[in-house]
Structure formats: C-alpha cells, structure tokens
Asks: 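Sending over a structure as structure tokens; questions will come in a sec.
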Protein chains: 2
Amino acid sequence: MVIENTFTGEYLYSIDAKDRVNIPSKFRNALTPKNKNIFYITRGMDQCIVAYPLEEWKKVQDGLRNLSSASKVYRSFIRSITRYAAQVKFDKQGRIQLTQVLKNYAQLEKEVTIIGMVNKIELWNPDILNELEKTSLRIDPEEYKDLADKIIL
Amino acid sequence: MVIENTFTGEYLYSIDAKDRVNIPSKFRNALTPKNKNIFYITRGMDQCIVAYPLEEWKKVQDGLRNLSSASKVYRSFIRSITRYAAQVKFDKQGRIQLTQVLKNYAQLEKEVTIIGMVNKIELWNPDILNELEKTSLRIDPEEYKDLADKIIL
DNA sequence: GATAATTACCCACCGCTACCCACAATGTTA
DNA sequence: TAACATTGTGGGTAGCGGTGGGTAATTATC
C-alpha cells in the first residue's frame with residue numbers, strides 16, 4: 001500500500017451464493033479513511049462493473065449535478081449512469097454485495113477478474129475480458145502509441 | 001447516509017390499492033432534517049413523475065421566479081410545471097401518495113421503477129422507461145463519449 | 001346533520017440484507 | 001518447523017424495510 005487511493009493489478013476472485021465479492025486487500029489498504037469503506041458501483045462503458053471509492057464518486061457526481069436537465073441527451077446520460085449506481089460498504093471480511101442488475105449487465109456468474117484502474121476498479125467476467133483482449137486490443141497498436149505519447153509513458 | 005440529499009440507484013416498487021408508493025429507504029436516509037419528510041412531485045420533462053425534496057424544490061422555484069413573465073413561452077413553461085406540482089409528506093412507513101393526474105400522465109399502474117437522479121427522483125412506468133432507453137441510447141453513443149470524457153468517468 | 005368516501009395513522013407479516021462468527025489456505029516470523 | 005497473522009470463502013441470525021390491510025379522523029355530498 002504505497003500510493004493512496006490508487007489501484008493496480010489483476011485478481012481472480014469468486015462470487016458466493018449471496019452475490020458477494022471480496023475486494024482485494026491491497027485495494028482496501030490503499031483506501032484513505034475518508035472513503036469510509038464505501039464504494040459506488042455502476043455500469044462501465046464496457047461490459048463490466050466499475051467501482052469508485054466514495055471520494056472519487058463525489059467528483060463524478062459533481063460533474064453530473066452541473067449538467068443541465070434541459071437537454072434530453074443530458075437527462076438520458078445522467079439516467080444511464082445513476083440508474084445503476086449503488087452505494088456499497090464492505091463488511092468486516094472486506095466484501096461488497098453486487099446488485100442483480102449489474103451482475104446481469106456484466107454477465108457475472110461464479111468468477112470475477114478484478115482489475116485496478118488507477119482511480120477506480122473494474123469487475124469483469126473472465127471469459128468476456130479475455131475475449132475482448134484478444135480481439136479489440138490487438139487491433140490498433142497505433143492508438144496505443146498515440147496514448148503512450150500523451151501520457152509520456 | 002454519506003452524501004446528503006443525493007439519490008442514486010434503481011428500484012422496482014409497487015403501487016398499492018390506495019395509490020401509495022414507497023420511497024426507497026436509502027433515499028429517505030439521505031434526506032436532511034430540513035426537508036421535513038416532504039417531497040414535491042410534478043410532471044417530468046419526459047413521461048415520468050419527478051419528485052424533489054423540499055430543499056431542492058425551493059431552488060427550482062427560485063429559478064422559475066427569475067424567469068421573466070413577459071414571455072409567453074416562459075409563462076407556459078412555468079404553468080406546465082407548477083400546475084401539476086403537489087406537496088406530499090411520507091407516512092411512518094415511508095410512502096407517499098400520488099395524485100391521479102400525475103399517475104395518469106406517467107401511465108403508472110401496478111409497478112414503478114424509481115430512479116435516483118442525483119438531486120431528484122424519477123418515477124417511471126417500467127415498460128416505458130425500458131423502451132425509451134433502448135431507443136435513445138442507440139441514437140448517440142458519440143455524444144455519450146464526449147460527456148463521459150468531460151466528467152472523467 | 002346523517003351518511004358515504006377519502007385520507008391519515010397504526011399494526012402485522014415476511015423476505016432480504018447487514019452483521020457476526022467460523023474455518024481453510026496461504027504467508028510470515030521467531 | 002512451529003506458532004501466528006492475514007486473507008479469501010461459507011454460512012447463520014437478528015433486525016430492518018417493503019407490502020398489505022384495518023380503523024379512526026377528516027372531508028365531501030345530499
């Protein structure tokens with residue numbers, strides 16, 4: 001636990017009968033007390049569940065709050081995010097409970113691959129993730145280069 | 001709760017024979033005492049009912065007050081909102097009572113999907129909502145991406 | 001003013017979830 | 001190597017939350 005509120009690495013965990021998933025201890029240990037053991041989970045842009053620590057989620061919400069409700073697109077956008085957003089607090093064992101909707105959306109069953117994405121966490125169906133890696137990621141190494149330039153890797 | 005007066009998540013609830021709808025406990029718990037268990041319900045921009053907590057409703061009204069009444073469009077706009085607005089207080093079980101007009105407008109029957117929209121709440125006929133999402137989501141994935149970039153999802 | 005109807009308040013059931021305890025597997029330290 | 005700590009996983013249970021329904025109070029109608 002070196003850098004606060006920062007998540008890296010990949011883990012293969014299991015979902016139990018009560019739809020509970022363990023948050024890797026390395027991730028939990030990286031959380032500052034301000035997050036109060038709370039995550040917000042919602043739909044990702046890809047077919048996965050995204051989990052934000054409380055402090056990160058607040059930033060997202062502030063962004064949403066400032067979008068005017070006058071625009072139809074904005075309304076629809078806000079809805080598509082918050083609709084699936086749920087606040088979850090992990091128990092003494094460090095597990096969070098998934099909602100049925102999100103579990104369906106990401107097509108999760110017995111196993112989950114949990115990926116650290118710097119300021120957020122992604123939960124994937126292992127098969128879907130592997131399939132995606134095989135196809136879409138291999139396609140455009142050019143885009144990777146562009147990104148690498150931007151971030152000064 | 002953690003983030004005050006802020007609502008997220010989706011819930012499928014039922015309307016009983018007396019036209020009562022339960023407000024999800026997570027929403028009620030997010031309310032500050034200043035709201036005095038009071039909501040204002042009115043017509044949404046879409047075909048749904050919108051519920052504002054008292055404190056949020058005050059802001060809406062201030063906004064309306066500042067719209068000049070000189071313009072015909074403005075007057076009509078204000079009328080369309082305030083006309084259907086009703087103050088409702090939830091009972092000890094946390095239920096509010098819907099007005100007949102609003103129930104008709106949103107075409108609610110037995111079931112309601114309740115969506116947290118950050119600072120307000122929407123009540124939808126489940127079928128209508130799903131149909132709408134199916135269409136509007138398909139229309140502009142590009143605009144969605146732009147928005148996602150803005151908010152740094 | 002009597003009766004009917006609608007609303008407000010209260011009580012009761014029941015399923016789910018939040019919380020707790022237990023245990024196995026792995027890693028760590030003396 | 002043994003003792004201990006940490007971490008992932010399974011399961012039991014009490015309390016809360018959603019739902020239905022009953023009764024008193026208030027309003028409406030004639």
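So you know, we letter chains A, B, ... as the sequences are listed, proteins then strands, and number each from 1.
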Asks: Give the rounded distance in Å between these two atoms: CG of A:Asp19 and P of C:dA18.
Replies: 12 Å
Asks: What residues form a ring-ring contact (aromatic ring centres under 6.0 Å, His included) with A:Tyr11, not counting sequence neighbours?
Replies: A:Phe27
Asks: Which atoms form the tightest heavy-atom contact between A:Trp124 and A:Asp46, and what is the distance?
Replies: CH2-CB, 3.6 Å
Asks: When you check every protein heavy atom under 4.0 Å of nucleotides 17-29 of chain D, what one-letter string (B, S, -) results, 5' to 3'?
Replies: SBBBBB-------
Asks: With B:Leu123 as reference, evaluate B:Thr113, B:Leu98, B:Ile23, B:Val50 under the side chain to side chain contact (heavy atoms under 4.5 Å, CB included) test and give the passing residue.
Replies: B:Leu98
Asks: Tell me: NZ of A:Lys110 to P of D:dT9, nearest whole Å?
Replies: 11 Å
Asks: What's the CD1-P distance between A:Ile96 and C:dA18, to the nearest Å?
Replies: 12 Å
Asks: Round to a whole Å and report the spacing from CZ of A:Phe27 to P of D:dT7.
Replies: 14 Å
Asks: Please check the phosphate of C:dC10 (OP1 and OP2 only) for any side-chain N or O of B:Lys92 closer than 4.0 Å.
Replies: yes
Asks: Write down the distance between CG (A:Leu98) and C1' (C:dC16), rounded to a whole number of angstrom.
Replies: 16 Å
Asks: Give a yes or no on whether a salt bridge exists between B:Glu133 and A:Arg79, defined as a side-chain N under 4.0 angstrom from a carboxylate O.
Replies: yes
Asks: What is the separation between atom CZ on A:Phe90 and atom C1' on D:dG8, rounded to the nearest whole Å?
Replies: 14 Å
Asks: What are the two closest heavy atoms between A:Lys18 and A:Gln97, and how far apart are they?
Replies: O-NE2, 2.8 Å
Asks: Separation of A:Lys89 atom NZ from C:dC19 atom C1', in whole Å?
Replies: 11 Å
Asks: Between A:Ile81 and A:Thr42, what is the shortest heavy-atom contact and its length?
Replies: O-OG1, 2.9 Å
